[in-house]
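Single-structure report; data block below.
Residue numbers start from 1 in every chain, and the chains themselves are labelled A, B, ... in the order their sequence lines are given, proteins ahead of strands.
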There are 2 protein chains.
Amino acid sequence: MAKNMEIQQPLRDEISLPKVLHALSDPVRMEIVLKIARAGQVACGAFDIPMPKSTLSHHFKVLRESGVVASRREGNVVINSVRFDDLEARFPGVIGAIIAAARWN
Amino acid sequence: MAKNMEIQQPLRDEISLPKVLHALSDPVRMEIVLKIARAGQVACGAFDIPMPKSTLSHHFKVLRESGVVASRREGNVVINSVRFDDLEARFPGVIGAIIAAARWN
DNA sequence: TTCGTAATTCGAAAATAATCGAACAACATT
DNA sequence: AATGTTGTTCGATTATTTTCGAATTACGAA
């Protein structure tokens with residue numbers, strides 16, 4: 001298999017609102033997003049969520065495929081960030097309001 | 001069984017963000033919400049969505065139980081409205097941004 | 001090349017959600 | 001009371017998601 005493959009994620013214009021909302025409707029994934037949003041850049045390994053890593057990896061996959069999170073490999077860790085610019089361009093106000101609301105509740 | 005029962009829906013403070021996002025993550029339900037939002041008040045029967053009424057009723061139930069939609073019986077129709085005030089109070093900006101985004105996409 | 005660490009993929013099982021016809025309930029009208 | 005209309009509930013089926021251990025990939029370092 002080819003090495004150094006780009007991690008698959010949708011282009012800005014391909015991001016779909018139902019998929020974004022579904023991705024964020026899971027409390028574990030929301031917690032992940034909050035932590036990434038707070039820190040800016042977080043490696044997958046930095047989450048001490050009590051859960052097998054295959055399950056956690058699944059949640060990252062959902063977040064990535066929905067366009068909420070961007071992941072890139074750096075050495076042998078995967079760094080995640082929230083795609084604020086793309087989300088804001090496509091769905092103005094949505095991601096900010098959701099994250100702000102989730103911080104309080 | 002008792003007659004004239006109130007239709008069950010969560011109090012403002014019981015509305016949960018994950019449930020709201022899940023409710024809105026379905027395209028059929030989003031379409032329902034858009035139509036209600038546009039018109040203010042819409043009876044269940046006013047939707048010409050090609051789908052059995054039991055399925056449609058299920059979607060209304062999800063919207064109601066998540067706190068997105070309020071339903072009240074008036075004569076023999078059920079009138080639906082979006083709970084803007086409650087949603088705005090609990091999750092400022094969320095419902096407005098999502099509906100605005102959904103209108104375009 | 002071998003080893004260790006980080007993370008994804010696979011495959012199967014369990015849990016949730018969506019779908020839909022048939023039966024039922026609430027209400028207005030006759 | 002009988003009938004028609006609107007919408008919900010029930011129960012069964014199918015579809016989608018979530019979960020998790022085992023195997024695998026990607027990469028850096030020894």
Once you round it to whole Å, what is the distance between [atom2] of [N] and [atom1] of [X]?
| X | N | atom1 | atom2 | answer |
| --- | --- | --- | --- | --- |
| E65(B) | dT8(D) | CD | C1' | 12 Å |
| Q9(B) | dT8(D) | CD | C1' | 14 Å |
| K53(B) | dT9(D) | NZ | C1' | 12 Å |
| E74(A) | dG28(D) | CD | C1' | 14 Å |
| M51(B) | dA17(C) | CE | C1' | 13 Å |
| L56(A) | dG21(D) | CG | C1' | 15 Å |
| D26(A) | dA15(C) | CG | P | 16 Å |
| K61(A) | dT16(D) | NZ | P | 15 Å |

Notebook entry, point to check: Do S57(B) and dG7(D) share a donor-acceptor pair, side chain to base, under 3.5 Å?
Noted result: no

Note to self: Between N80(B) (side chain only) and V42(B) (backbone N and O only), is there a donor and an acceptor less than 3.5 Å apart?
What the structure shows: yes

Next item on the list: On DNA chain D, check which nucleotide each of S25(A) and A43(B) is closest to and give me the residue with the more 5' one.
Entry: A43(B)

State yes or no: do [X] and [Y] share one hydrophobic cluster built from I, L, V, M, F, W and Y residues joined by side-chain heavy-atom distances below 4.5 Å, directly or via other members?
| X | Y | result |
| --- | --- | --- |
| I49(A) | V62(A) | no |
| F60(B) | V68(B) | yes |
| I79(B) | L87(B) | no |

Picking from [options], which would you name as closest to the side chain of [X]?
| X | options | result |
| --- | --- | --- |
| S54(B) | dA18(C), dA6(C), dG21(C) | dG21(C) |
| N76(B) | dG28(D), dA28(C), dT18(D) | dA28(C) |
| P52(A) | dC27(D), dT8(D), dC20(D) | dC20(D) |
| C44(B) | dC27(C), dT19(D), dG7(D) | dG7(D) |

Counting just side-chain N and O atoms, does [X] come under 4.0 Å of either OP1 or OP2 of [N]?
| X | N | result |
| --- | --- | --- |
| H22(A) | dT16(D) | no |
| T55(A) | dC20(D) | yes |
| R73(A) | dT8(C) | no |
| H58(A) | dT18(D) | yes |

Next item on the list: Tell me, with the steps shown, if M30(A) and L17(B) meet side chain to side chain contact (heavy atoms under 4.5 Å, CB included).
Entry: CA-CA 10 Å; M30(A) 181 61 88; L17(B) 186 57; 4.2 Å; yes

